[in-house]
Amino acid sequence: MSEIIRRDPRVEWIARNRLHPLHAAAQPAAVSWMGPNGVIRKNPHGVGFIGPNGLKRIDRSGGQQGGSQKRSTASAVVQLPLHVIEQPAFHIVVVPDMVGGRLSAHDKDLLGLAHKLAGSDGAVVAVIFGEHKENALDCNGVDRLLQFEADGFSGYAPEARVLALAALERQLTPRHWLLPDSRTGGGELGRRLAAKLGVRPATRVWQVADGVSSGRAGAGREDLVQQAPRVVLAAVECAEPVSETRHEVRALALNEALVRHIPRIQDLGAVAVDPAQIPMAEAEFILSGGNGVKDWALFHQAAAALGATEGASRVAVDDGYMGRERQVGASGIWVTARVYVAVGISGAIQHLQGIGACDKVVAINLDPTCDMIKRADLSVIGESAAILQALIERVAAYRQGGARDAA
Amino acid sequence: MTELNIVALVSVGAHPLSGRPRRAEQDARAVELGLHLAGERLQVLHAGDPQQEALRAYLGMGLNQLKILEQPAHSDALPVLADYLADSSAQLVLTGSQAETGEGSGMLPFLLAEQLGWPLVVGLAAVEQVSDGVAQVLQALPRGQRRRLQVRLPFVASVDNAAPTARQSAFGPARRGLLTAEEVELVADPLFASAQLQPAKPRPKRLKVIKAKTGAERMKAATAKASGGGGQVLKDVSPEAGAEAIFKLLLEEGVLR
Ligand SMILES: Cc1cc2nc3c(=O)[nH]c(=O)nc-3n(C[C@H](O)[C@H](O)[C@H](O)COP(=O)(O)OP(=O)(O)OC[C@H]3O[C@@H](n4cnc5c(N)ncnc54)[C@H](O)[C@@H]3O)c2cc1C
């Protein structure tokens with residue numbers, strides 16, 4: 001609740017109306033009370049209020065009294081109850097995608113499903129490969145966390161990951177393996193794991209109820225309903241994410257050392273793709289310009305330097321600086337970028353709708369009060385051209401430094 | 001062209017609206033990629049019913065013949081395909097990533113690779129070069145990204161919608177092409193003993209549950225605009241300092257390549 005003191009006209013009215021049954025209650029407290037001898041005592045200092053000039057005023061009309069008690073603000077953060085599983089009867093293992101090092105919405109749904117399947121006896125184990133940046137694992141239902149060191153799993157290493165998961169299978173024999181049926185890794189890893197374990201998985205599962213899983217089959221015109229198998233690849237919104245409990249996130253270790261293996265697939269690294277060729281709706285990193293961009297040549301240069309896909313607000317498109325296919329927003333494209341940099345965009349609601357699915361929003365704007373700043377995770381107040389110029393130089397320095405390191 | 005022996009596995013698809021049999025979208029892309037790589041020498045293989053007319057759509061892409069391992073519906077295609085491929089000299093097996101009929105779990109390439117003991121590349125977009133029994137390939141990632149991989153031959157690869165779009169099927173070649181059937185041992189699929197297919201239920205829409213205790217909180221939740229606050233605002237800083245902060249965030253998020 002905000003700290004702003006609000007007037008309550010109804011209470012004020014009750015305070016003025018001496019015939020109202022609640023009249024007494026609406027009077028400021030502790031002005032008069034029953035003393036120990038049954039005599040009414042009054043506190044003359046409790047009457048009135050401090051006026052705007054610092055003088056004490058007494059307003060006998062009752063107008064000031066109603067709303068004058070400060071309302072208690074419910075600012076205390078509610079501590080959710082801790083869900084402790086000391087001796088788990090069984091384990092449910094979740095391997096979240098961790099796109100960008102954080103739990104995605106899909107991962108959270110999956111953890112919600114795992115929590116549902118675990119009930120009050122089972123423990124939900126999350127397996128994370130390498131470093132992560134998530135700080136809300138506890139609020140999302142992770143009872144145990146198995147985190148593998150990054151080396152050996154960095155880049156594209158599905159075979160190494162499957163071997164690690166197979167080792168975990170030998171240690172815990174979990175009741176269920178849950179993986180997101182996503183294109184960002186989970187769908188592939190889950191199928192590889194199922195093939196390795198020799199389990200027939202349920203895929204594209206959108207509901208698990210009473211041990212029966214329903215998943216889409218074929219091209220999505222049919223559902224496959226079966227007893228939930230050990231490996232479940234679940235679709236988005238398969239369950240509600242955990243929201244009412246906190247969990248321990250107790251660290252778990254693998255008993256056996258992982259054997260080194262020679263990967264049959266070698267990752268030679270990402271290939272530079274022309275960001276302009278990536279469809280806007282799919283682009284991961286968008287630099288978007290609005291009415292506040294004055295130097296469009298510089299803007300294009302910045303997009304090229306950053307390797308970002310270009311976007312625009314409607315004003316920039318209407319003014320002819322960008323193509324219609326680049327417009328972000330309600331009447332343009334709804335983007336799903338992980339990082340969205342808005343340069344000189346005020347954040348009209350039609351524009352904000354289009355970036356609702358973006359993870360991190362950065363605003364560059366002159367106006368510190370505009371709506372884009374309220375939406376942004378990082379805002380820099382200043383002239384767009386100067387900041388873009390500085391950004392280009394910073395990235396160029398970084399690239400050169402990187403090249404020197406590599407050499 | 002590379003001198004690879006390529007086999008493309010195809011299935012019968014279903015039109016998304018009418019449900020009529022047609023060539024499967026992703027399998028057609030696999031055939032297209034195979035035609036790019038091997039041209040005439042591409043082998044196309046199907047396990048199922050040789051009378052199925054929809055298979056002719058693949059022939060219409062410019063194939064002379066399509067080999068069919070004859071099987072009734074609902075039998076397990078995996079063992080017969082694995083047996084056939086193990087005995088063949090195939091170096092690259094191309095599949096779609098998900099069938100349009102039946103279970104459509106997308107497990108076939110994974111199980112095939114596991115049974116044959118071959119590596120598997122998911123989402124193959126292009127084969128760049130092949131030398132000394134090692135192929136350098138491009139893998140399609142979400143969000144239009146590509147990754148370069150090196151993989152030993154022989155291998156299995158599945159293609160998805162990032163692979164080149166399939167060419168149209170021409171009627172004449174589709175009529176002229178040969179569907180050659182081969183008798184194989186039948187293996188029943190145990191799945192349908194325990195599971196059943198139902199017409200897809202529309203998925204429940206997720207409701208926005210507001211867990212507010214007081215009326216004021218509910219009001220706030222209902223009228224909340226862009227979630228205010230939380231963001232860091234840098235005011236009165238030099239452009240360099242601002243750029244540095246943005247740069248740090250971009251680096252942290254790993255979007256600078
Ligand atoms: C039916 C309808 C549909 C619409 N659909 C869309 C849509 O799909 N997409 C869309 O984007 N809009 C849409 N709009 C338009 C929308 O309402 C806004 O008008 C538009 O988004 C504003 O664009 P802007 O933020 O670029 O411009 P402005 O609102 O003019 O904002 C410019 C911002 O740049 C800042 N600025 C100015 N100079 C500088 C500088 N030198 N350096 C840094 N910052 C600077 C200013 O402080 C201001 O915040 C729609 C409108 C309607 C009525």
Side-chain angles (χ1 to χ4, degrees), chain A residues 1 100 156 183-184 188 191-192 194-196 200-201 203 206 216-227 237 264-273 278-279 282-285 306-307 338-339 352 360 362 368 371 373-382 386-387 389-391 394-395, chain B residues 13-14 16 19 99-107 110-111 114 119 121-122 136 138 142-152 191 194-201 203 206 211 216 226 228 230-237 239-240 242-247 249-250 253-257:
Chain A
M1 226 182 258
Y156 183 65
R183 281 202 62 211
T184 36
E188 179 190 344
R191 287 184 174 84
R192 281 186 193 269
K196 178 95 189 161
R200 191 164 192 155
T203 57
W206 53 272
R216 289 283 190 248
R221 302 173 75 243
E222 284 172 317
D223 278 342
L224 189 68
V225 181
Q226 59 184 337
Q227 211 64 34
E237 297 195 359
R264 293 178 296 177
I265 303 177
Q266 216 180 334
D267 184 1
L268 301 185
V271 180
V273 239
I278 303 174
E282 271 192 31
E284 186 172 32
F285 175 26
L306 295 172
R338 247 176 357 94
V339 181
L352 290 183
K360 290 269 167 190
V362 179
D371 283 341
I373 305 252
K374 294 186 190 132
R375 167 71 171 85
D377 299 277
L378 170 67
S379 324
V380 180
I381 309 300
I387 294 173
Q389 188 65 52
L391 195 55
R394 183 67 188 83
V395 171
Chain B
E100 292 178 8
T101 54
E103 188 185 4
S105 63
M107 280 299 290
F110 293 86
L111 293 170
E114 187 72 26
V121 174
V122 174
Q136 189 170 315
L138 284 188
R143 299 183 178 283
Q145 304 293 322
R146 295 280 185 274
R147 179 156 53 200
R148 188 167 287 133
L149 300 177
Q150 208 169 43
V151 55
R152 280 211 324 259
L191 173 72
S194 59
Q196 63 262 32
L197 282 174
Q198 300 174 348
K201 268 196 220 145
R203 290 185 55 180
R206 177 173 284 181
K211 289 193 177 127
Q232 181 194 3
V233 181
L234 297 180
K235 229 165 156 178
D236 303 322
V237 292
E240 283 72 28
E244 180 65 35
I246 297 175
F247 173 77
L249 186 140
L250 298 183
E253 291 298 319
V255 289
L256 284 182
R257 289 176 214 284

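Nothing here was measured: the structure is a model prediction, and the numbers come from that model. In what follows, chains are A, B, ... by sequence order, proteins preceding strands, each numbered from 1. We use all heavy atoms of the structure for the numbers below, so side chains are in, but hydrogens, waters and symmetry mates are not.
- Residue A/A272: no heavy atom, backbone or side chain, is found under 4.5 Å from chain B.
- Here the CD-CG distance, from A/Q226 to B/L197, works out to 9.5 Å after rounding to the nearest 0.5 Å.
- Contacts of A/V273 with chain B are made by side-chain atoms alone, with heavy-atom separations under 4.5 Å and no backbone atom involved.
- Looking at B/R148, its side chain never comes within 3.5 Å of a backbone N or O of A/G269 through a donor-acceptor pair.
- Both the backbone and the side chain of A/V395 come within contact range of chain B, with heavy atoms under 4.5 Å apart.
- Looking only at heavy-atom pairs under 4.5 Å with chain A, the residue among B/E244, B/M107, B/Q145 that has the most is B/M107.
- Side-chain atoms of A/R338 come within 3.5 Å of backbone atoms of B/E253 as a donor-acceptor pair (strictly under, hydrogens ignored).
- Judged purely by atom type and a 3.5 angstrom limit, A/D223 uses its side chain to pair as donor or acceptor with the backbone of B/K201.
- The structure places CZ of A/R216 at 7.0 Å from CZ of B/R203, a figure rounded to the nearest 0.5 Å.
- Contacts of B/E114 with chain A are made by side-chain atoms alone, with heavy-atom separations under 4.5 Å and no backbone atom involved.
- Proximity to chain A (any heavy atom under 4.5 Å) is shown, for B/S105, by both the backbone and the side chain.
- Your options are B/G13, B/G19, B/A14, and the one with the most heavy-atom pairs under 4.5 Å with chain A is B/G19.
- Interface remark: of the candidates B/V255, B/V121, B/L249, B/L256, B/V255 forms the most heavy-atom pairs closer than 4.5 Å to chain A.
- Between the NZ atom in A/K196 and the CZ atom in B/F110 there is a gap of 14.5 Å [rounded to 0.5 Å].
- If you measure heavy-atom distances from A/P279 to chain B, you find no contacts under 4.5 Å at all.
- Across B/P239 and A/A390, no two heavy atoms sit closer than the pair O-CB, 3.7 Å.
- To the nearest 0.5 Å, atom CD of residue A/Q266 and atom CD of residue B/Q150 are 5.0 Å apart.
- Closest approach of A/A217 to B/G102, counting heavy atoms only: CB-O, 3.4 Å.
- Using a 4.5 Å heavy-atom threshold, the side chains of A/D377 and B/Q232 count as separate.
- Looking at A/I387, both its backbone and its side chain come within 4.5 Å of chain B, counting heavy atoms on both sides.
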Show your reasoning for whether side chain to side chain contact (heavy atoms under 4.5 Å, CB included) applies to A/D267 and B/L149. CA-CA 5 Å; A/D267 184 1; B/L149 300 177; 4.1 Å; yes
Step-by-step side chain to side chain contact (heavy atoms under 4.5 Å, CB included) determination, B/V237 to A/I381: CA-CA 8 Å; B/V237 292; A/I381 309 300; over 6 Å; no
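- In terms of heavy-atom pairs under 4.5 Å with chain B, the best-connected choice from A/E284, A/E282, A/Q389, A/R264 is A/R264.
- Residue contact with chain A, scored on non-hydrogen atoms closer than 4.5 Å, involves the backbone and the side chain of B/P119 alike.
- Residue with the most contacts toward chain A among B/D236, B/L138, B/T101, B/V122: B/V122 (heavy-atom pairs, distance under 4.5 Å).
- Between B/L111 atom CG and A/R192 atom CZ the span is 12.0 Å, to the nearest 0.5 Å.
- If you tally non-hydrogen atom pairs under 4.5 Å between each of B/P142, B/G104, B/A200 and chain A, the highest count goes to B/A200.
- When B/Q136, B/Q196, B/R152 are compared by the number of non-hydrogen pairs under 4.5 Å with chain A, B/Q196 comes out ahead.
- For the atom pair CG of B/L250 and CZ of A/R394, the computed distance is 11.0 Å after rounding to the nearest 0.5 Å.
- Looking at A/S379, both its backbone and its side chain come within 4.5 Å of chain B, counting heavy atoms on both sides.
- A 4.5 Å side-chain heavy-atom check between B/V233 and A/L378 finds every atom pair outside the cut-off.
- With a threshold of 4.5 angstrom between heavy atoms, B/A99 approaches chain A through N, CA, C or O but not through any side-chain atom.
- Contacts between A/A283 and chain B at a heavy-atom distance below 4.5 Å involve the backbone alone (N, CA, C, O).
- The residues A/R221 and B/E100 are annotated as not salt-bridged, no charged nitrogen and carboxylate oxygen being separated by less than 4.0 angstrom.
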